[in-house]
Protein chains: 2
Amino acid sequence: MKLLVVEDEKDLRQAICDFFVKSGEVIIGAENIFEAEDKLISHQFDLVILDITLPDGSGIDLISTIKKTQSNVGILILSAKNSLDDKIQGLDLGADDYLTKPFHISELNSRVKALVRRSIFRGEDVIKFNEIVINLEQRQAYVSASPISLTNKEFSLLLFLVNNKNRVLTKDSIAEHLWGDSVEYLENYDFIYTHIKNLRKKILAEGGQDYLKTVHGIGYKYCDL
Amino acid sequence: MKLLVVEDEKDLRQAICDFFVKSGEVIIGAENIFEAEDKLISHQFDLVILDITLPDGSGIDLISTIKKTQSNVGILILSAKNSLDDKIQGLDLGADDYLTKPFHISELNSRVKALVRRSIFRGEDVIKFNEIVINLEQRQAYVSASPISLTNKEFSLLLFLVNNKNRVLTKDSIAEHLWGDSVEYLENYDFIYTHIKNLRKKILAEGGQDYLKTVHGIGYKYCDL
DNA sequence: CTTAAATCTGAAGGAATTCTGAAGTTCTGA
DNA sequence: TCAGAACTTCAGAATTCCTTCAGATTTAAG
(Lines give C-alpha, C1' and ligand atoms only; values in the text may rest on other atoms or scores of the structure.)
Protein backbone atom coordinates (compact mmCIF):
# COMPACT_ATOMS: atom_id res chain seq x y z
CA MET A 1 0.00 0.00 0.00
CA LYS A 2 1.33 3.41 -0.94
CA LEU A 3 0.38 6.58 0.88
CA LEU A 4 1.06 10.26 0.37
CA VAL A 5 1.05 12.59 3.37
CA VAL A 6 0.69 16.28 2.59
CA GLU A 7 1.34 18.12 5.81
CA ASP A 8 3.52 21.12 6.55
CA GLU A 9 4.09 20.54 10.26
CA LYS A 10 7.26 18.59 10.19
CA ASP A 11 6.79 16.71 13.46
CA LEU A 12 3.33 15.50 12.62
CA ARG A 13 4.34 14.48 9.12
CA GLN A 14 7.28 12.59 10.51
CA ALA A 15 5.15 10.85 13.12
CA ILE A 16 2.64 9.71 10.53
CA CYS A 17 5.38 8.50 8.21
CA ASP A 18 7.11 6.61 10.98
CA PHE A 19 3.94 4.92 12.06
CA PHE A 20 2.96 3.66 8.63
CA VAL A 21 6.48 2.68 7.69
CA LYS A 22 6.52 0.50 10.77
CA SER A 23 3.35 -1.24 9.71
CA GLY A 24 4.99 -2.05 6.42
CA GLU A 25 3.49 0.54 4.10
CA VAL A 26 5.27 2.70 1.59
CA ILE A 27 4.72 6.30 2.52
CA ILE A 28 5.90 9.49 0.90
CA GLY A 29 5.73 12.94 2.44
CA ALA A 30 5.17 16.35 0.92
CA GLU A 31 5.18 19.62 2.82
CA ASN A 32 3.28 21.79 0.41
CA ILE A 33 1.02 21.71 -2.64
CA PHE A 34 3.87 22.16 -5.05
CA GLU A 35 5.72 19.16 -3.73
CA ALA A 36 2.56 17.10 -3.56
CA GLU A 37 1.73 17.73 -7.21
CA ASP A 38 5.20 16.60 -8.12
CA LYS A 39 4.82 13.34 -6.23
CA LEU A 40 1.37 12.76 -7.68
CA ILE A 41 2.78 12.85 -11.17
CA SER A 42 5.46 10.28 -10.54
CA HIS A 43 3.68 7.87 -8.22
CA GLN A 44 0.48 5.91 -8.06
CA PHE A 45 -1.02 6.14 -4.59
CA ASP A 46 -3.72 4.24 -2.82
CA LEU A 47 -4.51 7.03 -0.42
CA VAL A 48 -3.66 10.68 0.17
CA ILE A 49 -3.69 12.15 3.67
CA LEU A 50 -4.19 15.83 3.08
CA ASP A 51 -3.84 18.77 5.41
CA ILE A 52 -6.13 21.68 4.53
CA THR A 53 -3.94 24.56 5.64
CA LEU A 54 -0.70 24.52 3.69
CA PRO A 55 1.89 27.26 3.19
CA ASP A 56 1.21 27.68 -0.52
CA GLY A 57 -2.57 27.39 -0.55
CA SER A 58 -5.53 25.34 0.59
CA GLY A 59 -5.44 21.57 0.40
CA ILE A 60 -8.96 21.81 -0.97
CA ASP A 61 -7.49 22.98 -4.26
CA LEU A 62 -5.36 19.90 -4.48
CA ILE A 63 -8.37 17.59 -4.41
CA SER A 64 -9.33 18.17 -8.01
CA THR A 65 -5.76 17.59 -9.15
CA ILE A 66 -5.71 14.34 -7.29
CA LYS A 67 -9.02 13.22 -8.72
CA LYS A 68 -7.88 14.13 -12.20
CA THR A 69 -4.63 12.25 -12.15
CA GLN A 70 -5.51 9.25 -10.04
CA SER A 71 -9.18 8.44 -10.18
CA ASN A 72 -9.09 5.52 -7.78
CA VAL A 73 -7.20 7.10 -4.94
CA GLY A 74 -8.83 7.73 -1.57
CA ILE A 75 -8.54 11.11 0.11
CA LEU A 76 -8.55 11.78 3.83
CA ILE A 77 -8.59 15.39 4.94
CA LEU A 78 -6.89 16.71 8.05
CA SER A 79 -7.70 20.08 9.48
CA ALA A 80 -7.04 22.05 12.60
CA LYS A 81 -10.20 23.97 12.07
CA ASN A 82 -13.37 22.43 13.26
CA SER A 83 -15.27 24.35 10.65
CA LEU A 84 -18.10 22.53 8.99
CA ASP A 85 -17.60 24.54 5.82
CA ASP A 86 -14.25 23.05 4.99
CA LYS A 87 -15.45 19.60 5.76
CA ILE A 88 -18.49 19.85 3.56
CA GLN A 89 -16.58 21.50 0.76
CA GLY A 90 -13.91 18.84 0.91
CA LEU A 91 -16.33 15.96 0.89
CA ASP A 92 -18.26 17.55 -1.94
CA LEU A 93 -15.13 17.79 -4.01
CA GLY A 94 -14.47 14.12 -3.60
CA ALA A 95 -12.67 13.59 -0.33
CA ASP A 96 -13.64 10.36 1.39
CA ASP A 97 -13.17 11.12 5.05
CA TYR A 98 -12.24 13.83 7.48
CA LEU A 99 -10.24 14.02 10.68
CA THR A 100 -9.96 17.00 13.00
CA LYS A 101 -6.67 17.84 14.67
CA PRO A 102 -5.53 16.94 17.16
CA PHE A 103 -6.08 13.23 16.78
CA HIS A 104 -4.64 9.96 17.91
CA ILE A 105 -2.46 8.20 15.40
CA SER A 106 -4.44 5.05 16.06
CA GLU A 107 -7.61 6.75 14.94
CA LEU A 108 -5.90 7.91 11.78
CA ASN A 109 -4.75 4.36 11.27
CA SER A 110 -8.18 2.80 11.50
CA ARG A 111 -9.69 5.39 9.19
CA VAL A 112 -6.92 4.85 6.69
CA LYS A 113 -7.48 1.13 6.80
CA ALA A 114 -11.20 1.56 6.31
CA LEU A 115 -10.73 3.91 3.39
CA VAL A 116 -8.21 1.75 1.66
CA ARG A 117 -10.50 -1.21 1.98
CA ARG A 118 -13.22 0.84 0.40
CA SER A 119 -11.33 2.59 -2.34
CA ILE A 120 -8.94 0.08 -3.80
CA PHE A 121 -11.00 -2.91 -3.28
CA ARG A 122 -14.42 -1.44 -3.83
CA GLY A 123 -15.99 -2.26 -0.57
CA GLU A 124 -14.73 -5.81 -0.40
CA ASP A 125 -12.19 -6.64 2.18
CA VAL A 126 -11.49 -9.87 0.39
CA ILE A 127 -9.91 -10.22 -3.00
CA LYS A 128 -10.38 -13.51 -4.76
CA PHE A 129 -8.34 -14.79 -7.61
CA ASN A 130 -9.01 -18.38 -8.50
CA GLU A 131 -7.82 -20.36 -5.49
CA ILE A 132 -6.00 -17.38 -4.05
CA VAL A 133 -7.84 -15.28 -1.51
CA ILE A 134 -6.43 -12.15 0.07
CA ASN A 135 -8.08 -10.88 3.21
CA LEU A 136 -7.05 -7.31 3.72
CA GLU A 137 -8.38 -6.86 7.19
CA GLN A 138 -6.45 -9.84 8.43
CA ARG A 139 -3.59 -9.03 6.09
CA GLN A 140 -3.62 -12.70 5.31
CA ALA A 141 -3.45 -14.61 2.05
CA TYR A 142 -4.98 -18.03 1.47
CA VAL A 143 -4.30 -20.67 -1.13
CA SER A 144 -7.31 -22.92 -1.51
CA ALA A 145 -8.45 -22.02 2.00
CA SER A 146 -5.08 -22.74 3.61
CA PRO A 147 -3.47 -19.66 5.09
CA ILE A 148 0.05 -18.94 3.92
CA SER A 149 2.30 -16.79 6.01
CA LEU A 150 3.79 -13.99 3.98
CA THR A 151 6.21 -11.31 5.04
CA ASN A 152 5.33 -7.67 4.50
CA LYS A 153 7.19 -7.36 1.24
CA GLU A 154 5.76 -10.58 -0.07
CA PHE A 155 2.23 -9.54 0.86
CA SER A 156 2.58 -6.13 -0.78
CA LEU A 157 4.05 -7.75 -3.84
CA LEU A 158 1.22 -10.25 -4.13
CA LEU A 159 -1.34 -7.51 -3.61
CA PHE A 160 0.24 -5.27 -6.21
CA LEU A 161 0.33 -8.09 -8.71
CA VAL A 162 -3.20 -9.29 -8.07
CA ASN A 163 -4.59 -5.76 -8.14
CA ASN A 164 -3.05 -5.45 -11.57
CA LYS A 165 -3.80 -8.93 -12.76
CA ASN A 166 -3.22 -9.60 -16.43
CA ARG A 167 -1.23 -6.43 -16.65
CA VAL A 168 2.52 -6.52 -17.07
CA LEU A 169 4.30 -4.75 -14.26
CA THR A 170 7.81 -3.64 -15.00
CA LYS A 171 10.49 -4.33 -12.47
CA ASP A 172 10.87 -0.59 -12.06
CA SER A 173 7.23 -0.08 -11.25
CA ILE A 174 7.37 -2.94 -8.78
CA ALA A 175 10.46 -1.47 -7.17
CA GLU A 176 8.82 1.93 -6.99
CA HIS A 177 5.65 0.56 -5.51
CA LEU A 178 7.37 -1.53 -2.87
CA TRP A 179 10.25 0.73 -1.97
CA GLY A 180 9.04 4.18 -2.92
CA ASP A 181 11.43 7.02 -3.46
CA SER A 182 14.22 5.30 -1.63
CA VAL A 183 15.47 3.52 -4.71
CA GLU A 184 16.53 6.21 -7.12
CA TYR A 185 18.62 4.23 -9.48
CA LEU A 186 18.82 0.49 -9.60
CA GLU A 187 21.93 -1.32 -10.61
CA ASN A 188 20.28 -4.69 -10.25
CA TYR A 189 16.99 -6.31 -9.45
CA ASP A 190 18.26 -8.98 -7.14
CA PHE A 191 15.86 -8.27 -4.32
CA ILE A 192 12.88 -8.45 -6.65
CA TYR A 193 14.07 -11.81 -7.92
CA THR A 194 14.40 -13.03 -4.38
CA HIS A 195 10.99 -11.88 -3.20
CA ILE A 196 9.34 -13.28 -6.31
CA LYS A 197 11.08 -16.57 -5.74
CA ASN A 198 9.97 -16.76 -2.11
CA LEU A 199 6.41 -15.78 -2.96
CA ARG A 200 6.21 -18.41 -5.67
CA LYS A 201 7.61 -21.02 -3.37
CA LYS A 202 5.06 -20.34 -0.67
CA ILE A 203 2.15 -20.40 -3.08
CA LEU A 204 3.32 -23.59 -4.75
CA ALA A 205 3.94 -25.24 -1.40
CA GLU A 206 0.23 -24.94 -0.66
CA GLY A 207 -0.71 -26.41 -4.01
CA GLY A 208 -1.47 -23.16 -5.79
CA GLN A 209 -0.85 -22.95 -9.51
CA ASP A 210 1.89 -20.84 -11.02
CA TYR A 211 -0.05 -17.77 -12.00
CA LEU A 212 2.95 -15.53 -11.58
CA LYS A 213 4.47 -15.25 -14.98
CA THR A 214 7.84 -13.81 -15.87
CA VAL A 215 7.87 -11.49 -18.85
CA HIS A 216 11.45 -11.77 -19.93
CA GLY A 217 13.21 -8.45 -20.18
CA ILE A 218 10.26 -6.51 -18.76
CA GLY A 219 8.88 -7.72 -15.48
CA TYR A 220 6.10 -9.88 -14.14
CA LYS A 221 2.42 -10.45 -14.61
CA TYR A 222 -0.21 -12.25 -12.63
CA CYS A 223 -2.47 -14.00 -15.06
CA ASP A 224 -5.26 -16.47 -15.61
CA LEU A 225 -4.42 -19.72 -17.37
CA MET B 1 -19.35 5.21 -24.80
CA LYS B 2 -19.80 1.96 -26.65
CA LEU B 3 -21.96 -0.88 -25.36
CA LEU B 4 -22.64 -4.42 -26.43
CA VAL B 5 -25.94 -6.07 -25.51
CA VAL B 6 -26.01 -9.84 -25.73
CA GLU B 7 -29.63 -10.87 -25.28
CA ASP B 8 -31.75 -13.29 -27.24
CA GLU B 9 -35.19 -11.91 -26.35
CA LYS B 10 -35.74 -9.52 -29.17
CA ASP B 11 -38.10 -7.14 -27.37
CA LEU B 12 -35.84 -6.70 -24.41
CA ARG B 13 -32.76 -6.21 -26.57
CA GLN B 14 -34.58 -3.66 -28.64
CA ALA B 15 -35.81 -1.80 -25.57
CA ILE B 16 -32.31 -1.61 -24.11
CA CYS B 17 -30.83 -0.47 -27.40
CA ASP B 18 -33.49 2.18 -27.87
CA PHE B 19 -32.98 3.53 -24.41
CA PHE B 20 -29.23 3.93 -24.68
CA VAL B 21 -29.33 5.24 -28.21
CA LYS B 22 -31.64 7.95 -26.94
CA SER B 23 -29.16 8.91 -24.26
CA GLY B 24 -26.51 9.27 -26.91
CA GLU B 25 -24.50 6.09 -26.56
CA VAL B 26 -23.25 3.77 -29.25
CA ILE B 27 -24.85 0.41 -28.72
CA ILE B 28 -24.56 -2.83 -30.64
CA GLY B 29 -26.76 -5.87 -30.18
CA ALA B 30 -26.05 -9.57 -30.49
CA GLU B 31 -28.57 -12.33 -30.05
CA ASN B 32 -26.26 -15.23 -29.33
CA ILE B 33 -22.70 -16.12 -28.37
CA PHE B 34 -21.55 -16.60 -31.92
CA GLU B 35 -22.68 -13.13 -32.92
CA ALA B 36 -21.24 -11.62 -29.78
CA GLU B 37 -17.80 -13.07 -30.40
CA ASP B 38 -17.87 -11.64 -33.86
CA LYS B 39 -18.70 -8.17 -32.58
CA LEU B 40 -16.07 -8.43 -29.90
CA ILE B 41 -13.37 -8.99 -32.47
CA SER B 42 -14.25 -5.98 -34.55
CA HIS B 43 -15.18 -3.47 -31.87
CA GLN B 44 -13.75 -2.03 -28.71
CA PHE B 45 -16.43 -1.79 -26.04
CA ASP B 46 -16.63 -0.03 -22.71
CA LEU B 47 -19.26 -2.34 -21.32
CA VAL B 48 -20.98 -5.60 -22.17
CA ILE B 49 -24.51 -6.31 -20.96
CA LEU B 50 -24.70 -10.06 -21.00
CA ASP B 51 -27.66 -12.39 -20.68
CA ILE B 52 -26.79 -15.72 -19.10
CA THR B 53 -29.24 -17.94 -20.92
CA LEU B 54 -28.57 -17.81 -24.63
CA PRO B 55 -29.66 -20.16 -27.42
CA ASP B 56 -26.15 -21.43 -28.17
CA GLY B 57 -24.77 -21.72 -24.64
CA SER B 58 -24.29 -19.95 -21.36
CA GLY B 59 -23.23 -16.34 -21.25
CA ILE B 60 -20.87 -17.39 -18.50
CA ASP B 61 -18.64 -18.96 -21.12
CA LEU B 62 -18.41 -15.70 -22.98
CA ILE B 63 -16.91 -13.93 -20.00
CA SER B 64 -13.49 -15.45 -20.39
CA THR B 65 -13.38 -14.54 -24.06
CA ILE B 66 -14.28 -10.98 -23.20
CA LYS B 67 -11.72 -10.80 -20.46
CA LYS B 68 -9.04 -12.20 -22.68
CA THR B 69 -9.43 -9.77 -25.51
CA GLN B 70 -10.61 -6.71 -23.64
CA SER B 71 -9.77 -7.29 -20.07
CA ASN B 72 -10.76 -3.88 -18.86
CA VAL B 73 -14.21 -3.82 -20.29
CA GLY B 74 -17.01 -3.82 -17.76
CA ILE B 75 -19.41 -6.76 -17.69
CA LEU B 76 -22.93 -6.65 -16.37
CA ILE B 77 -24.80 -9.93 -16.17
CA LEU B 78 -28.52 -10.32 -16.71
CA SER B 79 -30.36 -13.40 -15.66
CA ALA B 80 -33.90 -14.61 -15.33
CA LYS B 81 -32.81 -17.05 -12.71
CA ASN B 82 -32.45 -15.80 -9.24
CA SER B 83 -29.90 -18.50 -8.56
CA LEU B 84 -26.99 -17.53 -6.40
CA ASP B 85 -24.75 -20.01 -8.20
CA ASP B 86 -24.82 -18.19 -11.49
CA LYS B 87 -24.26 -14.90 -9.82
CA ILE B 88 -21.29 -16.09 -7.85
CA GLN B 89 -19.79 -17.92 -10.77
CA GLY B 90 -20.20 -14.89 -12.98
CA LEU B 91 -18.67 -12.50 -10.53
CA ASP B 92 -15.80 -14.87 -9.87
CA LEU B 93 -15.05 -15.06 -13.54
CA GLY B 94 -14.76 -11.32 -13.74
CA ALA B 95 -18.21 -9.85 -14.20
CA ASP B 96 -18.63 -6.52 -12.42
CA ASP B 97 -22.31 -6.42 -11.60
CA TYR B 98 -25.49 -8.43 -11.77
CA LEU B 99 -29.12 -7.70 -12.45
CA THR B 100 -32.02 -10.09 -12.09
CA LYS B 101 -34.86 -10.06 -14.57
CA PRO B 102 -37.29 -8.51 -14.62
CA PHE B 103 -35.85 -5.10 -13.98
CA HIS B 104 -36.61 -1.46 -14.65
CA ILE B 105 -34.64 0.04 -17.47
CA SER B 106 -33.81 2.92 -15.17
CA GLU B 107 -32.11 0.57 -12.78
CA LEU B 108 -30.10 -0.91 -15.60
CA ASN B 109 -29.16 2.61 -16.61
CA SER B 110 -27.84 3.62 -13.23
CA ARG B 111 -25.83 0.45 -12.90
CA VAL B 112 -24.36 0.91 -16.34
CA LYS B 113 -23.43 4.46 -15.52
CA ALA B 114 -21.76 3.41 -12.31
CA LEU B 115 -19.79 0.67 -14.04
CA VAL B 116 -18.66 2.85 -16.87
CA ARG B 117 -17.50 5.54 -14.49
CA ARG B 118 -15.33 2.91 -12.97
CA SER B 119 -14.07 1.13 -16.05
CA ILE B 120 -13.76 3.82 -18.67
CA PHE B 121 -11.05 5.60 -16.75
CA ARG B 122 -8.90 2.57 -16.89
CA GLY B 123 -8.74 3.21 -20.63
CA GLU B 124 -6.85 0.25 -21.93
CA ASP B 125 -4.82 0.42 -25.07
CA VAL B 126 -5.93 -2.28 -27.40
CA ILE B 127 -5.02 -2.43 -31.05
CA LYS B 128 -7.06 -4.66 -33.30
CA PHE B 129 -6.46 -5.91 -36.74
CA ASN B 130 -8.77 -8.57 -38.05
CA GLU B 131 -8.31 -11.55 -35.74
CA ILE B 132 -5.16 -10.11 -34.22
CA VAL B 133 -5.47 -8.16 -30.99
CA ILE B 134 -2.59 -6.47 -29.27
CA ASN B 135 -3.12 -5.47 -25.68
CA LEU B 136 -0.42 -3.05 -24.69
CA GLU B 137 -0.99 -3.09 -20.96
CA GLN B 138 -0.91 -6.83 -20.86
CA ARG B 139 1.93 -6.80 -23.36
CA GLN B 140 0.10 -9.67 -24.92
CA ALA B 141 -0.93 -10.42 -28.47
CA TYR B 142 -3.89 -12.63 -29.35
CA VAL B 143 -4.79 -14.51 -32.48
CA SER B 144 -8.54 -15.06 -32.51
CA ALA B 145 -8.65 -14.77 -28.73
CA SER B 146 -5.80 -17.23 -28.13
CA PRO B 147 -2.78 -15.63 -26.54
CA ILE B 148 0.53 -16.10 -28.32
CA SER B 149 3.75 -15.70 -26.45
CA LEU B 150 6.11 -13.32 -28.18
CA THR B 151 9.58 -12.22 -27.27
CA ASN B 152 10.35 -8.54 -26.93
CA LYS B 153 11.68 -8.11 -30.42
CA GLU B 154 8.80 -10.04 -31.91
CA PHE B 155 6.28 -8.00 -29.96
CA SER B 156 7.81 -4.69 -31.00
CA LEU B 157 7.98 -5.87 -34.57
CA LEU B 158 4.33 -6.91 -34.65
CA LEU B 159 3.31 -3.65 -33.04
CA PHE B 160 5.28 -1.61 -35.52
CA LEU B 161 3.78 -3.48 -38.44
CA VAL B 162 0.21 -3.34 -37.20
CA ASN B 163 0.50 0.33 -36.34
CA ASN B 164 1.48 0.90 -39.94
CA LYS B 165 -0.90 -1.56 -41.50
CA ASN B 166 -1.22 -1.52 -45.25
CA ARG B 167 1.91 0.58 -45.45
CA VAL B 168 5.22 -0.80 -46.69
CA LEU B 169 7.97 -0.60 -44.11
CA THR B 170 11.52 -0.70 -45.36
CA LYS B 171 13.97 -2.97 -43.65
CA ASP B 172 15.98 0.07 -42.67
CA SER B 173 13.02 1.69 -40.93
CA ILE B 174 12.28 -1.57 -39.16
CA ALA B 175 15.90 -1.84 -38.08
CA GLU B 176 15.88 1.73 -36.86
CA HIS B 177 12.66 1.21 -34.96
CA LEU B 178 13.74 -1.99 -33.25
CA TRP B 179 17.37 -1.28 -32.64
CA GLY B 180 17.52 2.49 -32.59
CA ASP B 181 20.56 4.44 -33.54
CA SER B 182 22.85 1.63 -32.54
CA VAL B 183 22.88 0.21 -36.06
CA GLU B 184 24.58 2.81 -38.19
CA TYR B 185 25.25 0.78 -41.22
CA LEU B 186 23.91 -2.66 -41.97
CA GLU B 187 25.79 -5.17 -43.99
CA ASN B 188 22.94 -7.62 -43.84
CA TYR B 189 19.39 -8.00 -42.60
CA ASP B 190 19.71 -11.46 -41.19
CA PHE B 191 18.25 -10.67 -37.81
CA ILE B 192 15.18 -9.10 -39.37
CA TYR B 193 14.65 -12.19 -41.48
CA THR B 194 14.89 -14.34 -38.42
CA HIS B 195 12.47 -12.33 -36.31
CA ILE B 196 9.98 -12.09 -39.16
CA LYS B 197 10.20 -15.82 -39.61
CA ASN B 198 9.60 -16.54 -35.95
CA LEU B 199 6.73 -14.09 -35.77
CA ARG B 200 5.04 -15.63 -38.80
CA LYS B 201 5.47 -19.07 -37.37
CA LYS B 202 3.85 -18.19 -34.08
CA ILE B 203 0.89 -16.49 -35.71
CA LEU B 204 0.31 -19.35 -38.13
CA ALA B 205 0.60 -21.89 -35.34
CA GLU B 206 -2.47 -20.33 -33.71
CA GLY B 207 -4.41 -20.43 -36.95
CA GLY B 208 -3.91 -16.81 -37.94
CA GLN B 209 -3.76 -15.98 -41.62
CA ASP B 210 -0.61 -14.78 -43.32
CA TYR B 211 -1.13 -11.05 -43.24
CA LEU B 212 2.58 -10.37 -43.20
CA LYS B 213 3.60 -9.82 -46.79
CA THR B 214 7.14 -9.57 -48.07
CA VAL B 215 7.78 -6.72 -50.48
CA HIS B 216 10.78 -7.99 -52.33
CA GLY B 217 13.72 -5.62 -52.37
CA ILE B 218 12.04 -3.16 -50.00
CA GLY B 219 10.69 -4.59 -46.80
CA TYR B 220 7.42 -5.82 -45.32
CA LYS B 221 3.79 -4.85 -45.15
CA TYR B 222 0.98 -5.92 -42.86
CA CYS B 223 -2.17 -6.00 -44.90
CA ASP B 224 -5.72 -7.13 -45.39
CA LEU B 225 -5.84 -10.04 -47.77
C1' DC C 1 16.38 -20.14 -69.34
C1' DT C 2 20.19 -18.60 -66.65
C1' DT C 3 22.13 -16.09 -63.12
C1' DA C 4 22.69 -13.09 -59.26
C1' DA C 5 20.56 -11.04 -55.55
C1' DA C 6 17.22 -11.30 -52.01
C1' DT C 7 14.83 -13.91 -48.76
C1' DC C 8 13.78 -17.95 -45.97
C1' DT C 9 14.97 -21.58 -42.74
C1' DG C 10 16.88 -24.41 -38.99
C1' DA C 11 20.53 -24.77 -36.03
C1' DA C 12 24.16 -23.21 -33.10
C1' DG C 13 26.93 -20.18 -30.42
C1' DG C 14 26.91 -16.34 -27.27
C1' DA C 15 24.94 -12.69 -24.55
C1' DA C 16 21.71 -11.12 -21.41
C1' DT C 17 18.27 -12.09 -18.06
C1' DT C 18 16.41 -14.65 -14.44
C1' DC C 19 16.54 -18.20 -10.86
C1' DT C 20 18.32 -20.25 -6.79
C1' DG C 21 20.39 -21.38 -2.35
C1' DA C 22 23.14 -19.51 0.93
C1' DA C 23 25.43 -16.05 3.41
C1' DG C 24 25.46 -11.51 5.29
C1' DT C 25 23.02 -7.54 7.27
C1' DT C 26 19.35 -5.11 9.47
C1' DC C 27 15.25 -4.93 12.08
C1' DT C 28 12.19 -6.26 15.86
C1' DG C 29 10.32 -8.04 19.95
C1' DA C 30 11.12 -10.41 24.16
C1' DT D 1 21.14 -7.78 24.90
C1' DC D 2 19.99 -11.51 22.30
C1' DA D 3 17.56 -14.56 19.08
C1' DG D 4 14.86 -15.02 15.33
C1' DA D 5 12.68 -13.08 11.46
C1' DA D 6 12.93 -10.29 7.49
C1' DC D 7 15.44 -8.23 4.08
C1' DT D 8 19.35 -7.74 0.97
C1' DT D 9 23.46 -9.22 -1.38
C1' DC D 10 26.06 -12.45 -3.79
C1' DA D 11 27.81 -15.94 -7.03
C1' DG D 12 27.01 -19.71 -9.80
C1' DA D 13 23.38 -22.27 -12.46
C1' DA D 14 19.70 -22.31 -15.55
C1' DT D 15 16.96 -20.29 -18.89
C1' DT D 16 15.61 -17.39 -22.55
C1' DC D 17 16.58 -14.55 -26.17
C1' DC D 18 19.30 -12.44 -29.86
C1' DT D 19 22.41 -12.85 -33.46
C1' DT D 20 25.09 -15.25 -36.76
C1' DC D 21 25.76 -18.52 -40.20
C1' DA D 22 25.33 -21.76 -44.06
C1' DG D 23 22.54 -23.89 -47.12
C1' DA D 24 17.96 -23.90 -49.46
C1' DT D 25 14.46 -21.42 -51.82
C1' DT D 26 12.38 -17.67 -54.17
C1' DT D 27 12.41 -13.54 -56.99
C1' DA D 28 13.84 -10.17 -60.52
C1' DA D 29 16.55 -9.11 -64.36
C1' DG D 30 19.15 -10.10 -68.43
Side-chain angles (χ1 to χ4, degrees), chain A residues 17-27 139-141 148-158 160-161 168-172 174-180 182-205 210-222, chain B residues 139 141 148-158 160-161 168-172 174-180 182-205 210-222:
Chain A
C17 287
D18 287 350
F19 179 85
F20 284 104
V21 164
K22 266 188 196 155
S23 47
E25 317 299 353
V26 174
I27 187 157
R139 201 176 170 76
Q140 174 70 58
I148 52 176
S149 86
L150 299 179
T151 69
N152 265 318
K153 285 274 185 282
E154 286 160 7
F155 190 83
S156 306
L157 181 57
L158 178 62
F160 188 43
L161 287 161
V168 176
L169 299 173
T170 64
K171 282 165 292 177
D172 284 328
I174 291 174
E176 198 187 298
H177 194 264
L178 265 78
W179 286 271
S182 47
V183 226
E184 291 273 309
Y185 226 53
L186 292 174
E187 65 249 9
N188 68 55
Y189 298 98
D190 283 347
F191 41 88
I192 294 184
Y193 294 148
T194 301
H195 287 299
I196 291 271
K197 174 191 59 168
N198 294 333
L199 183 55
R200 276 177 170 153
K201 197 188 286 178
K202 288 184 181 178
I203 293 173
L204 286 174
D210 191 16
Y211 298 116
L212 214 178
K213 200 178 158 196
T214 305
V215 182
H216 194 277
I218 313 250
Y220 296 90
K221 147 165 109 159
Y222 221 79
Chain B
R139 199 201 150 281
I148 53 176
S149 88
L150 300 179
T151 70
N152 275 321
K153 286 275 185 283
E154 286 159 10
F155 191 80
S156 310
L157 181 57
L158 178 62
F160 188 44
L161 287 161
V168 179
L169 298 172
T170 65
K171 282 166 292 180
D172 282 328
I174 291 174
E176 197 188 313
H177 192 263
L178 265 78
W179 286 271
S182 50
V183 226
E184 294 271 310
Y185 202 64
L186 294 174
E187 64 249 11
N188 68 55
Y189 298 99
D190 283 348
F191 41 89
I192 294 184
Y193 296 149
T194 300
H195 287 301
I196 291 272
K197 173 193 59 169
N198 293 334
L199 182 55
R200 276 177 170 152
K201 197 190 285 179
K202 288 184 180 177
I203 292 173
L204 288 175
D210 192 15
Y211 298 116
L212 185 37
K213 280 274 191 305
T214 304
V215 182
H216 194 274
I218 315 260
Y220 296 90
K221 169 164 93 155
Y222 219 78

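Here the structure is a predicted model, which is why all the values come from computation and not from measurement. Lettering of chains follows the sequences in order, A, B, ..., and the numbering in each one begins at 1.
- Remark on the helix from C:dC1-D:dG30 to C:dA30-D:dT1: inter-end axis angle 30°, axes from five-pair C1' superpositions, rounded to 10°.
- Screening residues 191-200 of chain B for side chain to side chain donor-acceptor pair (under 3.5 Å), with sequence neighbours left out, gives B:R200-B:T214.
- From the 5' end on, the contacts that DNA chain D makes with chain B at under 4.0 Å to a non-hydrogen atom open and close at D:dC17 to D:dA28.
- Annotation: ring pair (Phe, Tyr, Trp, His ring centres under 6.0 Å) contacts of A:H216 (sequence neighbours excluded): none.
- Remark: B:K202 pairs with B:E154 by the salt bridge (charged side-chain N to carboxylate O under 4.0 Å, His left out) rule, at least two apart or across chains.
- With sequence neighbours left out, the side chain to side chain donor-acceptor pair (under 3.5 Å) criterion links B:K221 to no other residue.
- Judged as a side chain to side chain donor-acceptor pair (under 3.5 Å), and not counting sequence neighbours, B:K153 has no contacts.
- Among residues two or more places apart in sequence or in another chain, the ring pair (Phe, Tyr, Trp, His ring centres under 6.0 Å) test is passed with B:F160 by B:H177.
- Atom pair B:N198:CG and C:dA12:P shows a separation of 15 Å (rounding to whole Å applied).
- Take B:D190 and apply the side chain to side chain donor-acceptor pair (under 3.5 Å) test, not counting sequence neighbours, and it matches no residue.
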> For nucleotides 15-30 of chain C, read 5' to 3', which letter fits each nucleotide if B means a protein heavy atom sits under 4.0 Å from the base, S means only the sugar-phosphate is that close, and - means neither?
Replying inline: --SSBBB---------

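- Residues forming a side chain to side chain donor-acceptor pair (under 3.5 Å) with A:T170 (at least two apart in sequence, or on another chain): A:S173.
- Residue B:N152 is classed as a sugar-phosphate contact, given heavy-atom separations below 4.0 Å to backbone atoms only.
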